[in-house]
Amino acid sequence: MTRRQDSQSVWIDGRIVPADEATVSFFCHEIHYGTGVFEGIRCYDTEEGPAVFRLPEHLERLRKSAHSYELEYAHSDADLTQAILDLIRSHGLKECYIRPVVLLGEGKLAVMPEDNEVMTCIAIWSWGRYLGPEALSRGVTTTIVRKTRKYPAVCLDPTVKAVGHYLNSVRATREAKARGFDEGIMLNTEGRVAEGPGENVFLVKDGVVITNPVEECILEGVTRASVLELAQAAGIPTRVEPITVEALMDADEVFFSGTAAEVTPIRSIDEKVVGSGERGPVTTRLQDDYLAAVHGRLPRFERWLTRVEA
Ligand code: PMP
């Protein structure tokens with residue numbers, strides 16, 4: 001794969017630009033100060049062709065993130081939807097990852113922006129299993145990272161998906177990989193579980209599916225909300241409550257949720273094996289249901305799909 005994967009063209013404020021020419025100025029505010037926001041969305045193959053999973057929810061979060069940094073863009077959600085569907089059609093991909101970025105461009109190059117242009121760009125590319133080909137079946141190894149904590153809301157708003165915020169995730173991922181683990185888990189500054197660098201965390205205890213609330217410093221994942229709804233639909237009890245390290249370590253099953261990670265079992269946390277060390281029954285059920293929903297095999301959740309072919 002090239003550095004741009006199979007991305008052929010990029011949508012920039014209504015123009016379709018060949019990927020090689022999709023460049024921004026060195027003088028963009030975002031390059032110097034991290035002032036951009038983004039989304040990660042997936043399009044999946046279904047029996048009736050490709051479909052984007054929960055596109056309105058992702059576009060809503062993009063607008064909310066942009067608003068929090070005063071990066072207002074003129075495009076409506078309908079315009080962005082059209083742009084995304086056109087890009088997928090023109091690339092001829094059945095499945096892909098979709099990456100919109102709203103960034104602060106040229107203008108004043110100081111911390112306080114002034115009349116800087118706002119650019120909206122969308123790229124797509126093929127992206128397989130985020131945490132490796134066997135992650136969904138075998139699960140991943142994790143560590144509670146020691147050198148990084150999730151930032152509290154008084155520093156940066158964890159519910160905002162901003163470019164600069166991801167230095168926190170880069171640090172956590174680097175530490176986990178350097179110590180030989182597949183992925184890290186970050187605690188919040190209170191010492192309770194926050195989230196993964198790009199995933200929310202769930203545990204299963206005595207048949208109850210538990211995840212932590214937004215006050216615990218997490219991004220409110222679209223996948224997290226989907227998993228909670230799928231559990232309820234399957235008659236599996238759910239609770240949203242803070243998760244202590246002890247509760248995490250004592251869980252029967254633990255898994256990550258995220259657009260990229262989908263529903264990935266966690267096989268171990270530091271030296272401790274979770275449950276039997278294999279994907280547990282509740283995780284299996286929710287993963288099966290999630291994959292069925294994204295691939296259009298659950299009629300009840302058809303409303304989560306935006307069809308690429310009208
Ligand atoms: N937390 C963080 C820090 C993330 O980057 C992501 C991925 N967007 C998630 C959680 C999961 O969010 P979603 O399910 O919306 O992809």
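Order of appearance sets the numbers: ligands from 1, and atoms from 1 within every ligand.
- Those atoms of ligand 1 that come under 4.0 Å of a heavy atom in N200, given as number and element, are 10 (C), 11 (C).
- Judged purely by distance below 3.5 Å, without hydrogens or angles, the side chains of K161 and Y166 pair a donor atom with an acceptor atom.
- Ligand 1 has no nitrogen or oxygen under 3.5 angstrom from a nitrogen or oxygen of E220.
- Ligand 1 does not have H165 within reach: every non-hydrogen atom of the residue lies 4.0 Å or more from it.
- Applying the 4.0 Å criterion to heavy atoms of P197 picks out, from ligand 1, the atoms 3 (C), 5 (O).
- F202 and V193 sit in two unconnected hydrophobic clusters of ILVMFWY residues. Membership requires side-chain heavy atoms under 4.5 Å apart, directly or through other members.
- Comment: E241 does not engage R192 in a salt bridge, judged by the lack of any side-chain N to carboxylate O separation of less than 4.0 angstrom.
- Ion pairing between a basic and an acidic side chain is recognised when a charged N comes within 4.0 Å of a carboxylate O; R179 and E175 show such pairing.
- Using the six-membered ring where Trp is involved, H32 and F26 have ring planes that are perpendicular, over 60° apart on the 30 and 60° scheme.
- Ligand 1 lies less than 4.0 angstrom from a heavy atom belonging to R61.
- The distance criterion of under 3.5 Å between nitrogen or oxygen atoms is not met by H58 with respect to ligand 1.
- Polar contact check, T223 against ligand 1: a nitrogen or oxygen pair lies under 3.5 Å apart.
- Under a 4.0 Å N-O distance rule, the pair D86/R89 qualifies as a salt bridge.
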